[in-house]
Structures are given as C-alpha cells and as structure tokens.
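Everything on this sheet refers to the single structure shown next.
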Amino acid sequence: MPKFLLPTPLRPYAGGAATVEVAGQTVGGALANLVGRHEGLRQHLYDGAGRLRSFINVYRNDEDVRYLEKDETPVSDGDALSIIPSIAGGSPAPPPVAEPSALSNEEIRRYSRHLIMPEVGMEGQKKLKAARVLAVGTGGLGSPLSLYLAAAGVGTIGLVDYDVVDDSNLQRQILFGVADIGRPKLDAAEERLRGVNPHVAIVKYEERLTSENALRIIRDFDIVADGTDNFPTRYLVNDACVFTGKPNVYASIFRFEGQASVFWAEKGPCYRCLYAEPPPPGLVPSCAEGGVLGILPGLLGLIQATETIKLILGSGDPLIGRLLLVDALGMRFRELKLRKNPDCVICGKNPTITKLVDYEAFCGIVPEAAASASSGVPEISVEELKAMRDRREEFVLVDVREPHEIEICALPGSVRIPLGSLPENLNRLSTADEIVVHCKSGARSAKAVKLLRDAGFRKVRNLAGGITRWSERIDPSVPKY
Amino acid sequence: MIRLDGETLAAIREHGRAAYPEECCGALLGTADNGAVRVSRVERIENASREERRRRYVIAPLEYVRVERLADADGLSVLGFYHSHPDHPAVPSEYDREHGLPVFHYVVLAVGPESPGEIASYVLSEDRGVFQREELLIESDR
C-alpha cells in the first residue's frame, strides 16, 4: 500500500499520525481513501467544488504529480505520497489608487450644475479639482476671485498677502466682514473660503511677494492671478510667470475703469510687451490715493476668475493677446489687440532680463526716509502744528486737497487750493507769511511746498503725515479716509 | 496567544522594510508546549510568487519542506508564517483566508514607504470561515 506523509499542520486531522497507509492504484484514488478515513482532512485538502485546493501539492516520492499524470498518476506499494502545502497569501487587491481629482458623492451633488454642462462634465470638474491657482493679493480683486474659484471647486488655492483687515477694506473686499477687522487677511480668508467649500485646500503665504520668494511660491501652482495694486509687484509677478512658464491672469482697476488680460509668454505677449516701463512714480495714483468704485474690483476679479476657469478647462477663447478695457461709468467694454513684442526685454528674442531684479528700484520707488530727505522740503509735525495753533501764532494753513476730499473733513481756517490749481493761485499767498501746507498724507503737499519754494516762498513747511496723522495723533473726531 | 521576543520582531520588521514595496514572507519556528506558543526564530523564505509580488506571496512546496526539516533539526515546529502587506493594514485578506490552514499562526505586518507599521497575528477558524485575531505578545529580551 502507498504511504502518505502528512505535514505537521495536517497531522491533527489524521489522529496525530505523521504517516498514513491507504489503498489505491492512483493518486486520486489514494487521496479519496485518505479523506474517507480522516474526514477532518477533507476541507483542508479540497475546496467547496471538490477540487484539490490550489495550495495543496502532492508529491509522489520527489515529483510533483501535477507534472506527472495528476490524479491519474499511478501509485504502487512502497511509494511515498507527500502532501505539502505551499503557503500563500497576500493583501487584498489594492483599492484603485484614488486619483487626487476623483470626486466624492458629496462633491458630485455639489457640482451638479457644472457636471450637466457638456463643456465641464466630470472631466472638467476633475480638472478643476486637480488645478492649483495662486491669487497674489486677497484684496478687491482677490476676494471675488478666490470666492468663486473656491465655490467652483478649484482644488488648491494659494493666497499671498501679509496685511490685516482694515475697515476701509470692507467697501470692496468681500472676503471679509466687520468681525475680521484687525485680523490677518489670510486667516480670515481661509476661514471664509473653507466655509464656502471645505473640499478646497487653501495654502497661505503670509509674506510680501519678493524677488527672493516669488519663484519658490509660484512654482507650485498652475496659474497665477495677479490681484495686486502696485507696479513693482505687477512686474515681479509678470517676470516670475515668464520664467516659470505660467499664465498670468491679470486685472487692474482705478476709480471707474479696469483692464484685464491673460499674459502668457509661451502663447502670447507678457505684461512687459504691453508696458515695457513702469510710469514714473506718482503719475498713476493707487486706489488708496485715487479711490476705486467698490464694485469695480468685483467685476474685474470675476473676469479673472472666468479666465482662470477657462484656462483650466481648456475651453473657450482666453484673453491671450487681448486687453479688455472696462468703463463702468459708460458701461462699455472695449478690446485692444496686443502683440508680442519681439524686442521685449524678458520674453523677446534676445532677453536682457534673465533673473528677478529689484522691482522697487525698477519702478523708481525709493524708501520713504530717503524720499523725504531727497525731496528736501522742510517739514513740521502735527504736534508742532497743534502747539502753534494753541499759542495762536500767526501762520497760514494751506490745504491742497480736492474739493470732494474737503467735504469729508478739513481743518478750520485753512486756505483751500487744490494742488493742480496752485500755480495760478500763488497771488493768494504772501511770501511774508509763515505757511504750513497739508494734504491727506503729506505727499501732494510736499510737491506743493517744493513748487512754492521754487516760486520764492521761503517760510513754507510741509505737514508730515497730513490730515490723516492729525486725526491719528491730535483730533480723532476728524475722520480718516 | 503567540509570543515573540524583541529580536524576532525586529527581524520580521527588517524583512518587511527591505522587501517593500513587494511582500516578504517567512516561517515562524518555535515551540508550542501546552498551548504556550512561542516563536524562537524566523526563517526568511523567498517569495515564489511570479506575479503581483506587491500583493502576493507564495512559499514553494520545497521551501516548505526545507523549513520543516530546519525546524525538526532544531527540535522546533513550524508554527506558522509571516508576511507583509505593503501599503495595506495588518488585516488578513480574503486571499489569505482561502489559502490558510487552521493550525498555523499567520503574522501580518503592515509596511509603508516610511517604515513598518502595525503587526498582528491571526488563526483561521476550524471551519476555515474566518481569521481570528489572536493576542501577540512581545516579550522583552532575556
């Protein structure tokens, strides 16, 4: 009779025996007799369908019967039949590696109005989720831009800002509310955007964008949306986007007018193709100086958001090579064709700018201390002015602000001559008088002092910090604007 | 309950780490006296799976015979086997259950890209229906 050699784990099912002799002419017959005698072995050797389990191997002497005649392999007396398990196992089929852009059921419900549009659909919504957009600035433009991008499901939104929320922001920066005044803008923005869409990752850069950090920050994003309000940063964003090959979705605003375009050096002009040089400092006032209609950044920020979404989806006609001019007062939209400048210093054929530069210097901006020293106009502090008034000294206070500013607030007894009309009003002043000139913050009045001194006035001084500082340090009942 | 000493545990973890992202496997050799199951040492075995080695291991029959002989020579028994689950928790799979034998102890080690993670031991129920987790006791080194 052939003899079965059992492995240790199966011996308990055969009464503990290491060997069992059974009758049989073939391997199949011998096995049947084995499990007939030791029923406990059956379930370990055979599967539910009566087949030998895949990991159970039967050897006749030192040969695997699978390579002989399997069940029909003849056996004879003295043959040793070894039952040897091959031990196998493993981890379950891995779950399909979750694409970062796969949508949960909750997201599918949320974006249903997108998903039923053939231009977006599942594919487009996944692209939005995979997209990484950097908003430079969370102010007037960055607020509507980031709110709508978050609502639309742009997966990663980076925010660059280092400011705190001020009550004068709330007229247009709809990311923030009264409760946020005094908070860092990024903290308030993150909270608000998460409230709109918890599926969006917010990456905060609480720093000023500089030549040192711009490439590092921008590198991690697909699209940059420039929502800044100053020329140095605008050129910096442009140049960094040219160097990293990223599209720069641009908008700017002033009072009732705005501009928007998509600058993408690989496919069209860059900002420098349009404006090779910044305007001289002071020529183009910032919104803080010149004001802006609160809804205008809403309008332009949403044009930026629309262009951003189109770039992500790869559909429609982006504003590449076109400058959109928005006139909110006339409610007219015009368009200028922009061409890539072959001589552009950064994206032209022979670029001369090959790395980020000092953009403050490039834009002719000198540090404040150096500026006042170089302007060289004599100054008087608000405290000194107060003392002069208290002592009832004889002097003439000249306010060079515009009439609509004077409507907001003014110091009593001042002579009001807007800076622009000062040259033809010199006869209203006497070189014999002690004169103090002020404006809102001290910049325009410094120009006025210089103009007066050039015209022969000697006893004329500039009120440092203007009426704003007067309000801060002397008389808080004077409103700040 | 199954007992391991710290050295044995370290050997299993090191094997899992070295084989990552593939599965590793080996035998648990030791003693089982009066129900006190104690692993004395482990024997690495080459993963004979020809496909999907990231989620399959196979110990070839002749390797099985080899470790049984090794155990016999040292007066030990083959208590069971260990294997790793790369990027998967230390929980037996359905495949493990189908291929398991009730008398063995199956130690499963979760391994990630950084380092090995949880380790757990299981025994297949007599009716082959479910893997039952058993207590795994790490004994301090003598």
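So that the names make sense, note that chain A is the first sequence line, chain B the second, and so on, each numbered from 1.
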**Prompt:** Does A:Arg51 CZ have over 12 foreign heavy atoms under 6.0 Å away?
**Reply:** no

**Request:** Grab the two heavy atoms, one from B:His99 and one from A:Ala88, that are nearest each other, plus how far apart they are.
**Result:** CB-O, 3.4 Å

**Item:** Over 12 foreign heavy atoms within 6.0 Å of CD, B:Glu118
**Value:** yes

**Asked** Minimum heavy-atom separation for A:Arg53 to B:Glu98, with atom names?
**Response** NH1-O, 3.8 Å

**Complete:** Assert top hit (heavy-atom pairs under 4.5 Å, partner chain B, pool A:Ile56, A:Ile87, A:Asp47) equals A:Ile87

**Request:** List the atom of A:Pro12, the atom of B:Val103, and the distance in Å for their closest heavy-atom pair.
**Result:** CG-CG1, 4.2 Å

**Request:** Evaluate whether atom NZ of A:Lys204 has more than 12 neighbouring non-hydrogen atoms of other residues, nucleotides or ligands under 6.0 angstrom away.
**Result:** yes

**Prompt:** Where does B:Glu126 contact chain A at under 4.5 Å (heavy atoms): side chain, backbone, both or neither?
**Reply:** both

**Request:** Please say whether more than 12 non-hydrogen atoms of neighbouring residues, nucleotides or ligands are located less than 6.0 Å from CZ in B:Arg133.
**Result:** yes

**Item:** Heavy-atom contacts under 4.5 Å, residues 57-69 of chain A to chain B
**Value:** A:Asn57, A:Tyr59

**Greatest number of heavy atom pairs closer than 4.5 Å to chain A - which of B:Asn47, B:Ile59, B:Leu101** = B:Ile59

**Message:** Within the supplied structure, the quantity of interest is the number of heavy atoms (other residues, nucleotides, ligands) at a distance under 6.0 Å from A:Glu21 CD; does it exceed 12?
**Reply:** yes

**Message:** Are there over 12 heavy-atom neighbours, none belonging to A:Glu39, within less than 6.0 Å of that residue's CD?
**Reply:** yes

**Message:** Please classify the contact between B:Arg97 and chain A as side chain, backbone, both or neither, with a heavy-atom cut-off of under 4.5 Å.
**Reply:** neither

**Request:** Could you tell me which portion of A:Pro85 (side chain, backbone, both or neither) has an atom closer than 4.5 angstrom to a non-hydrogen atom of chain B?
**Result:** both

**Request:** Identify the two heavy atoms, one from B:Pro102 and one from A:His44, that lie closest to each other, and give their separation to 0.1 Å.
**Result:** CG-CE1, 2.8 Å

**Prompt:** Within a radius of less than 6.0 Å around CZ of B:Arg66, do more than 12 heavy atoms belonging to other residues, nucleotides or ligands occur?
**Reply:** yes

**Prompt:** Around A:Gln25, counting heavy atoms of other residues, nucleotides and ligands shown, do more than 12 lie under 6.0 Å from its CD?
**Reply:** no

**Item:** Engaged part of B:Tyr57 at the chain A interface, taking heavy atoms whose separation is under 4.5 Å
**Value:** both

